[in-house]
Number of protein chains: 2
Amino acid sequence: MSSRPAHIVIVEDEPVTRSTLASYLGSFGYRISECDTAEKAEKILAQNTADLLIADINLQGKDGLEITRELRARSEIGIILLSGRTDDVDRIVGLELGADDYVCKPFNRRELLARVKNLLRRTTAMRAMTRRVFRFNGFSFDVASRQVTDAAGHPIVLTRAEYELLRVFVTNPGAVMDRDRLIMAITHRQDGTNTRTIDVLVQRLRAKFGDDPKAPRIFTTSHGEGYVFTAQLG
Amino acid sequence: MSSRPAHIVIVEDEPVTRSTLASYLGSFGYRISECDTAEKAEKILAQNTADLLIADINLQGKDGLEITRELRARSEIGIILLSGRTDDVDRIVGLELGADDYVCKPFNRRELLARVKNLLRRTTAMRAMTRRVFRFNGFSFDVASRQVTDAAGHPIVLTRAEYELLRVFVTNPGAVMDRDRLIMAITHRQDGTNTRTIDVLVQRLRAKFGDDPKAPRIFTTSHGEGYVFTAQLG
DNA sequence: CATTATTTGTAAAAAATTGTTAACAGCGGG
DNA sequence: CCCGCTGTTAACAATTTTTTACAAATAATG
């Protein structure tokens, strides 16, 4: 019905809280991804499809505050922190790191929903306006307007799938991404799509960007693993 | 910090709280307007220069909740409510009316500052969207009067459906919108009209705005999903 | 090192989606 | 009532995505 449901990532190591929250928000039509550690969350966030992160402040290993710091440095995604403590200092630190909100447990889920709604209204509008342009090997890629130009300034036309794939690549430079993950990022249907689709799309990107698979400089094959974006971003 | 200091309006009938808050925020370079009633606040807000409203929930006459309701219906300004009570219900009502935040007194002013900063980061990006005249690729589109002119100033006449469609596009730049949503936006009914209507209307908009579907710069199709407005609004 | 199995590159066909044109029905104004 | 305009639908062409098939390349094995 609507354009595309907002994508919310929940990081919470307490299973009950996590699944309760996930099913509650999910019942309002949001697309939910759950996980229990910061590392798993970052994998999901790397796909750049998330609109909002709800993170517990107390996690094993890397905690919610650290995710906030790292994420805010490179993204305008909405961040809501959850905490068991109502300590002023904690709250202020979280907010000053750039978290949009800080909710203390036990929280009223209806209140959280209201905060989620209000924040999503802001972030989805903002995502459209923030203009990021990536440059590599003489090419220029404007994510918002979907325009690509080569070194001579001539436009290169990308199809939707090519655009989505390139977007995942440039936002994850140097990271090896397997085909399942790339499929998830580009396809709009969730039923089993053939992983070879990715190979074909990579081939088409290579053709449009003049990249030779035998001596790749931009889209490098990682045999048995997937593909890596190996161009130097400037 | 930014080109022009953000403008914050404070409505609070308790003089001490108000002036303390005003001078504190003012010391960080914000432009502050103080007042003690909703009516005076509305006068200031009518000038359309405000970025953020901080309102006490308990005011003589029209209270903070009522301001929120009325304001949110026509504006995307940031709203932070202040309250002496920590009642859950009050807070939820405020948030569901569209307030971005709800802070209980006595509040830590450093926390409030952090919330103000974070919210302003969101709203200043959004301010562009509350605008009523949109400019893109040399064209000018006045939503209220339905007037469109090209780069040379020559008028372009739109039909009702074309106008509605363009309005949805410019107010949701960068968002992929599926055909159902676009249909709902132009016909205000929900029943099953052929989705291909949208394709024809998009094609007509493209013709009038000189956009080539093979290398779109304004109305971009997102294969399998819908359409996106990808022109840069200026 | 030769052989084998697995993975990837490529081309082309098939399936799904969109672009385009044209025709039709409804509606309001003259 | 006729006329022009608008929104809608239908039909067909073009494009995009996905699948399929096979050649080439890489890794594994003895």
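Protein chains get the first letters and strands the later ones, always in sequence-line order, with residue 1 at the start of each.
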* List in chain and number order the residues that pass ring-ring contact (aromatic ring centres under 6.0 Å, His included) with Phe209(B), two or more places apart in sequence or in another chain; answer none if no residue qualifies. => Phe136(B), Phe139(B), Phe219(B)
* Within the pair Thr197(A) and dT19(D), is there a side-chain N or O less than 4.0 Å away from OP1 or OP2? -> yes
* Between P of dT8(D) and CG of Leu182(B), the distance in whole Å -> 13 Å
* Structure fact -> Looking only at dT18(D), dT8(D), dG7(D), the nucleotide nearest the Arg160(B) side chain is dG7(D)
* Any pair with a residue in residues 212-233 of chain A that passes salt bridge (charged side-chain N to carboxylate O under 4.0 Å, His left out), sequence neighbours left out, goes on the list, sorted by first then second residue, please. => none
* To do: Starting from the 5' end of DNA chain D, give me the residue, Thr195(A) or Val157(A), whose nearest nucleotide shows up first.
  => Val157(A)
* Structure fact -> Scoring nucleotides 6-15 of chain C by protein non-hydrogen atoms under 4.0 Å (B base, S sugar-phosphate only, - none) yields -SBBBB----
* Would you kindly compare Ala161(A) and Glu162(B) by the position of their nearest DNA chain D nucleotide and give the one closer to the 5′ end? => Glu162(B)
* Check the distance between dT20(D)'s P and Ile198(A)'s CD1 and give it to me in whole angstrom. => 16 Å
* To do: Would you indicate what Thr159(A) reaches in the nucleic acid, counting non-hydrogen atoms under 4.0 angstrom: base, sugar-phosphate, or nothing?
  => sugar-phosphate
* So, Glu164(B) and Arg160(B), do they make that salt bridge, N to O below 4.0 Å? -> yes
* To do: Could you pull out all residues at least two apart from Phe141(A) that satisfy ring-ring contact (aromatic ring centres under 6.0 Å, His included)?
  => Tyr163(A)
* Once you round it to whole Å, what is the distance between C1' of dT6(D) and OH of Tyr163(B)? -> 17 Å
* Asked: Are Glu96(B) and Arg115(A) ion-paired here, with the side-chain N under 4.0 Å from a carboxylate O?
  -> no
* All ring-ring contact (aromatic ring centres under 6.0 Å, His included) counterparts of Phe28(A), not counting sequence neighbours -> Tyr24(A)
* Any salt bridge (charged side-chain N to carboxylate O under 4.0 Å, His left out) pairs touching residues 168-179 of chain A, not counting sequence neighbours? -> Arg179(A)-Asp199(A)
* Structure fact -> From NZ of Lys208(A) across to C1' of dT15(D) the rounded distance in Å is 11 Å
* Atom CD1 of Ile186(B) and atom P of dT9(D): how far apart are they, to the nearest Å? -> 11 Å
* **Distance in angstrom units between Leu165(B) CG and dG7(D) C1', rounded** => 13 Å
